[in-house]
Amino acid sequence: MAQPDDFYVFSVLVTGSDRGIGLGLVKRFLELPSPPKWVFATTLDLEEEDNTELRELVCTYPNLVVLQLDVTKLESIQAALSEVQKCVGEGGLTVLINNAGTWAFNDLQTENAKDMMRVYSVNVIGTLQMSQAFLPLLKKAARRSPCQGLSISKSAIINISSIAGSIELLAYWDQNKLIGYRCAKAALNMLTKCQSLDYPTKGIMSIAIHPGSVETANNPDPEISVEESTQGIMTVLFKLCEEDNGTFVDWLGRPIPW
């Protein structure tokens, strides 16, 4: 992957990065010719068997820090924040990638309050709480950056959304209804838009990205691999500029209607 000369990220945190898209993005940042000084990967359970690959990466990359994190619990967020602060110091956090997410295969008949609240709690409230908690570090990174205008090298919040949350498109409706998930991703898109209106004065850009229908354990109808998705996302991140603030795009940079 070609890294532009003017592209450098001091630090990045990816939530939900023990597998799938999150783990793929962590790998892409670590493999950059000029990687971040700090890459933070998070997982719900540090001892889980699925974390084997993360643990192996830690042995290879001294700039990788793995943190326990539950985005639905404020005490867990604060504990992760404290660890990140110890590492980055006055450099702040350059990029927050809110990737942690969940879903339930429910249609209009089977959707229920418990499942819907769980999905909303992770996909929307978790993203809000992470952005709120790490805002001081994002602002610190923006203030210290020599970059003019908004960019990924200055400070950014990247929310991993889904085309399933597009009210205009209602993509994949015939394959999966996913009522709670669709509603949560539509709400996440609104949150992204709100962040994009409030945070630019602090030097922070915000965008929503649809990673594609990716081949993961929970996706019965994948269209692309994790590697294809995350490489595409990285290329999009390389090219982001001030005009992209508040947009909703896919892994190839194509705009998606809200």
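The figures that follow rest on heavy atoms only: side chains count, while hydrogens, waters and symmetry mates do not. All values reported here derive from a predicted model rather than from experimental measurement.
Summarising the hydrophobic clusters (Ile, Leu, Val, Met, Phe, Trp, Tyr; side-chain heavy atoms under 4.5 Å, direct or chained), the residues clustered with L188 are L128, L191. Hydrophobic side-chain contacts under 4.5 Å tie V124 into a cluster, directly or through other members, with Y120, I125.
Legend: side chain to side chain donor-acceptor pair (under 3.5 Å) pairs involving residues 134-146, not counting sequence neighbours: none detected. Residue pairs meeting the side chain to side chain donor-acceptor pair (under 3.5 Å) criterion with at least one partner in residues 82-93, sequence neighbours excluded, are E83-K86. Applying the side chain to side chain donor-acceptor pair (under 3.5 Å) test to every pair with at least one member in residues 195-209, sequence neighbours left out, gives these pairs: S131-Q195, N159-Q195. Among residues at least two apart or in separate chains, ring pair (Phe, Tyr, Trp, His ring centres under 6.0 Å) pairs with a member in residues 239-258 are F248-W258.
By the salt bridge (charged side-chain N to carboxylate O under 4.0 Å, His left out) test, K193 pairs with no residue at all, sequence neighbours left out. E31 pairs by the salt bridge (charged side-chain N to carboxylate O under 4.0 Å, His left out) definition with R28, not counting sequence neighbours. The side-chain hydrogen bond (donor to acceptor under 3.5 Å, both in side chains) test applied to S161 returns N189, not counting sequence neighbours. Under the side chain to side chain contact (heavy atoms under 4.5 Å, CB included) criterion, L46 pairs with T43, V66, Q68, not counting sequence neighbours. Every residue two or more places apart in sequence or in another chain was checked for a salt bridge (charged side-chain N to carboxylate O under 4.0 Å, His left out) with D107, and none qualifies. Every residue two or more places apart in sequence or in another chain that forms a salt bridge (charged side-chain N to carboxylate O under 4.0 Å, His left out) with D250 is listed here: R254.
Electrostatic pairing of K27 and E53 counts as a salt bridge here, judged by a charged N lying under 4.0 Å from a carboxylate O.
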